[in-house]
Every structure is written in structure tokens, then in C-alpha cells.
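These notes are about the structure you will find just below.
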Amino acid sequence: MVIPAAERLAGLTSWHADWSGLRVAVLGLGVTGFAVADTLTELGAEVLVLAPARDDDRARILEVIGARLVTDPLETVPAELAEFSPELLVASPGFHPDHPVLEWAGAEGVPVWGDIELAWRVRDKVEAAEWILVTGTNGKTTTTQLTATFLAANGLRAAPCGNIGVPVLDAVRDPQGFDVLVVELSSYQLHHVPTAGPGALHPLASVCLNLADDHLDWHGSFAGYRDAKAKVYANTRIACVYNRADEATRLMVEEAEVEEGARAIGFGLDVPGPSDFGVVEGILCDRAFLDDRRSTALEIITVAELEPRGLDAPHIVQNILAAAALARAAGVPVGIIHDALGEFRLDAHRIETVAIAGGVRWIDDSKATNPHAAQASLKAFGRVVWIVGGLLKGVDADSLVAAHVGRLRAAIVIGAARDELVSAFRRHAPELPLFEVVAPDTENVMPEAVALAASVAEQGDTVLLAPAAASMDQFTDYADRGRRFHEAVRAMLGGEADADGTPADPRADED
């Protein structure tokens, strides 16, 4: 008997289900798309990969594992897709919802999954790990890494994965298996995640760290972006962690359909209430996971202890509190969290000190790719020479400029499209020294920006690369932008950095 496609898909909720012969189209051949294709062929599905450009290494592997590849600009629907007549399409993150292939799938009634739904359905290949979900406009990667660090320090086999760079499907298929997967989710990935039915996630704990304008060009509106982020809380079993300083995240928790017994756990830099995490007289505290939480609190660590480790910036403290709440939901003692923080280091290009010379601190926060992230970075420092600009991704930077001109020594605008930022500075701070980097070649952008910054920075200032924008107009990615900033600072200082501000080994940025 032939089982209808919809009925068959509904029953595919295990690695050990019968996936053989299922016709699946995979949209994209990046890291995620390749992991999807590799997984499906291993399951015995018939796979057709559609990619706008050819990656020769991955193409060769696809041929070996038995998947077909169609490279096409994908501005229209390839004839091979219609001929293939897929029963399912799995889309890589980043393909816009109105992409011709996705619109074709909708018109033809072909179900569309993301890699996260597929990973959840086949999570029992080795053993079904618990999932902890992390999203937000900013701080996702740091919080994901912190949470996994805390879990591992408690003896759990934990893996940070997802949007952090390691596909969830790779973690699911790791032959060693894991106790917990800490899954960083972008709004693109959450867009395709169902909140009910056989593909819906049921995480142990979840968090949306914050919400601000970002990726509006992709989601079409702030409401669309917000609704995607809100899916992170659906079906949470133990703890929905939210930001007390961000009303939108609290409302998400209130509106979420969760499992009975799930608790709302707030975090913030103020004094915590019962069932919250917060800061009391410089001490990070847990008032959620203890019996007498109405009158006492558990001390996690002090801000003073975090300072020499570069973890005392307010937005990093918030990340620590959120990660601690997630880890505590999984049973990690506060003493373990305290000790693990002694070994934790932030990623490259996240408020990273490049050098200190002549009383001027040079900070690389190239990972601040939107105004919300740049605002958090600016608040962490006093007088700033701000290097800003790039692709603004459809958001308005005017309010960011208006809010922070009072702390600026000068502004240096980079990026192929600088007019919007330059206009904002001239409206809100006409007297502020303002420079534009007009170098047409990528190789010259950072040397020129650094030279301009050095010409105006004074003792006690911070030169801050916090672009508030994506990088692809002039650089490969934010890491490339940050590396070039490091190189330009080193070249400019010529070995003059203070001992405690010596730039790190540049090879570390490649990790």
C-alpha cells in the first residue's frame, strides 16, 4: 500500500523510521545545506540539492554519497526540481521567504522544513540529548558558549551547535553522543520551526536574550522578526528565561504555549526578585533555583572577579546571568558555574582588546553587526572614538547616533554606503569631528580608519570598532573585518602596545 506523503512525513520522528526513497529537495549547499544532504542520504532518502553556486569540494562529496546537484542562479525554478517532484523541501537558513523555489513549494503543496526540524526528528540516532535553545538579537553565541561551558564543567557531555557554526545535524550524528545540545538559533532558522505537531521542539529550557530591529529586510517587518524569535519558547519544559529589561521577551513568555510546570525566570542587572537572576551590590545572584528564594539568594560570582577576565561589560554580565539560569535549569550547581567562569574567554571580535598604547585602548567588536549590539558595546566604555558603518540591513541608525553622541570624541564612518550615518551625525552632533573612509579597496579601509582614529584619540579614550552593520559590502565577513582592524592597529603601533595590551596571536582569529 502506498502511504500518502503527508501521512508518511508525520510518521518520520526518529532516525530509525523508514526514510528510504523519500524524495527530498535541499535548498543551499553551505555548511547547513551540506549537513542536511549528508544526513538524508545516510537515511536512504533520494536527494536533489539546489545551489546558486558550486562548491567543488562539497559537489564531489555529494557525488560520492549519491545525492544529485543542480547549480543554478535560482532566479527561477529549475526544471530539474519540477521533474524531481519532491515530497519534502529542506531550506537552508538565509533563503528569503519569497525566494522563487520556496514560493514554488508553497504553490505545489510541498512541505518546507528547516535543518532544525529535521535534526529534532532524527535526534535519537545515538541517544536523544536534551536541547537548550538560545536566541536574541545579540549575545547568542556568547550565551550559548557559556551555557555549554557550565554544563561540561558539571560533567555533562554538552555541545554548542546551530547558528554558532556547527550544524545541529552534525552534533546529532556524532558517534560519541551528547547529554545536552545547546542550540543557538537565528531568526532565519526559527522561521521554519513548527510550534506544534510531530516536528515541534520540546526543549528543556529556552531564552530570548533581547529584541531589537534586525533582519527586517528578510522578515519584512519587526512583527515578523519578533514572531520568529518568540517560537523559541514554545513547548519549553523547565525554564523560559527572559530579559527583565526587555519587555518584548517577557511578553513572548506570557504568550507562549509551554509544558505544564515550566517556569518564567527573569534575568537583569538590577536586584532580582524571587524566581530571578540579577546583581546585588556587585554580586551576581540566583534567586530562582533554591528552596528559600523569597528571602535568600545564591551567590554566583562578583563583578570584580569578572573584570580581569574581560567579562564585566554590562551586556556580557547579562549573558552570564542568562547562561547561568539555563544551566541551573539543567541542575548545574552555582559553585561549578563560578569555577567555570575562571576559564572562560570571549570569542575573537567580541569586545576584544587589541592593544593599549599611550593610554588609548583599541577594542575590536566587529561582531556588533547591528545597532543594538553596537549600543551595548558603546555603553561599556567612557570616551570613544567610534569606527562605524557597513550594511545596515534595513534598520535606522539615527536613534543610535542620537543616543551616544555625548560620549564620542570623534566618529569614523566606513562602508560602501555611508550617507545615512554621515547625515545622522551631522543632524545630531554638527560639532563632532567626523571622518569618512573613502578608500575603494578593502586592503586600505582599516589602515585609513586606524590612522584617522590615532590622529584624534587622547589618553583615556577607547577606539572602538563597533560597526552596527554587516560587513559584506567591503569584507568577507565580520571576522575578516576584525582581523584587518587588528592588523592595522599592530602596523600603526609598531610594537608600542603596553604589556597588558599586547595583541593576541593573529592565528587565533582563524579558530
Side-chain angles (χ1 to χ4, degrees), residues 310 313 348-369 373-375 377-390 397 400-401 404-416 418 421-422 424-426 428-469 471 473-475 478-506 508-509:
H349 316 300
R350 169 60 76 196
I351 58 169
E352 180 181 3
T353 299
V354 178
I356 303 171
V360 175
R361 183 181 296 270
W362 297 78
I363 298 291
D364 168 19
D365 199 8
S366 183
K367 203 170 184 182
T369 59
Q375 177 166 286
S377 191
L378 285 161
K379 286 181 176 179
F381 302 102
R383 182 66 64 179
V384 171
V385 177
W386 185 19
I387 302 176
V388 58
L400 175 67
V401 170
H404 293 284
V405 290
R407 70 174 68 240
L408 300 182
R409 173 80 63 193
I412 298 163
V413 182
I414 64 173
R418 301 178 297 276
L421 280 165
V422 169
F425 280 114
R426 286 176 176 160
H428 297 291
E431 304 301 319
L432 181 75
L434 178 64
F435 306 91
E436 288 187 69
V437 175
V438 297
D441 299 325
T442 296
E443 291 74 16
N444 296 323
V445 172
M446 282 305 169
E448 185 173 328
V450 165
L452 289 168
S455 72
V456 293
E458 299 180 11
Q459 186 169 0
D461 288 353
T462 297
V463 176
L464 175 64
L465 172 66
S471 58
D473 56 337
Q474 293 182 316
F475 305 95
Y478 77 81
D480 178 44
R481 178 170 60 191
R483 282 195 297 271
R484 291 177 184 275
F485 177 69
H486 280 237
E487 292 165 1
V489 171
R490 294 187 187 104
M492 185 271 300
L493 292 177
E496 295 177 11
D498 298 342
D500 61 346
T502 301
D505 184 341
D509 292 348

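Starting from 1, each residue takes its place in the sequence as its number.
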Side-chain polar contacts of residues 377-384 - donor-acceptor pairs under 3.5 angstrom, sequence neighbours left out - could you list them?
| from | atom 1 | to | atom 2 | distance (Å) |
| --- | --- | --- | --- | --- |
| Ser377 | OG | Asp365 | OD2 | 2.9 |
| Arg383 | NH1 | Gly406 | O | 3.4 |
| Arg383 | NH1 | Leu408 | O | 3.1 |

Derivation and outcome, side-chain contact (heavy atoms from CB on, under 4.5 Å), residues Val385 and Leu464: CA-CA 6 Å; Val385 177; Leu464 175 64; over 6 Å; no
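- Classified by interplanar angle (parallel below 30°, tilted 30° to 60°, perpendicular above 60°), the ring pair Trp362/Phe485 is tilted.
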Should Val463 and Arg361 be marked as a side-chain contact (heavy atoms from CB on, under 4.5 Å) after you check the CA-CA gap, both sets of side-chain angles, and the distance that decides it? CA-CA 6 Å; Val463 176; Arg361 183 181 296 270; over 6 Å; no
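- Residues satisfying the side chain to side chain donor-acceptor pair (under 3.5 Å) test with Arg407, not counting sequence neighbours, are His404.
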side-chain contact (heavy atoms from CB on, under 4.5 Å), that's the test. Do Arg426 and Leu434 meet it? Break it down for me. CA-CA 8 Å; Arg426 286 176 176 160; Leu434 178 64; 4.1 Å; yes
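- The side chain to side chain donor-acceptor pair (under 3.5 Å) search around Glu436 returns Arg418, not counting sequence neighbours.
- Expressed to the nearest 0.5 Å, how far NE2 of His349 lies from OG1 of Thr369 amounts to 13.0 Å.
- Under the ring-ring contact (aromatic ring centres under 6.0 Å, His included) criterion, Phe425 pairs with Trp386, sequence neighbours left out.
- In this structure, the side chains of Ile414 and Val388 stay at 4.5 Å or more apart for every pair of heavy atoms.
- Closest approach of Ala468 to Leu400, counting heavy atoms only: CB-CD2, 3.8 Å.
- For Ala411 against Leu432, the heavy-atom pair with the smallest separation is CB-CD2, 4.0 Å.
- Pairs engaging residues 442-461 under the salt bridge (charged side-chain N to carboxylate O under 4.0 Å, His left out) rule: Arg409-Glu458, Arg409-Asp461 [sequence neighbours left out].
- Remark: Ser366 pairs with Arg481 by the side chain to side chain donor-acceptor pair (under 3.5 Å) rule, at least two apart or across chains.
- In terms of heavy atoms, Ala374 sits closest to Ala466 at CB-O, 3.8 Å.
- At a threshold of 4.5 Å between non-hydrogen side-chain atoms, the residues Met446 and Phe475 count as touching.
- In terms of heavy atoms, Ile351 sits closest to Ala313 at CD1-CB, 3.8 Å.
- Partner Val489 forms a side chain to side chain contact (heavy atoms under 4.5 Å, CB included) with one of Val450, Ile363, Asp364 and no other, that one being Val450.
- Distance check: Ile412 CD1 to Ile387 CD1 gives 5.0 Å after rounding to the nearest 0.5 Å.
- Residues satisfying the side chain to side chain contact (heavy atoms under 4.5 Å, CB included) test with Ala469, not counting sequence neighbours, are Leu392.
- Side-chain atoms of Val413 and Val437, non-hydrogen and from C-beta on, never get closer than 4.5 Å to each other.
- Side-chain atoms of Asp473 come within 3.5 Å of backbone N or O of Ala416 as a donor-acceptor pair.
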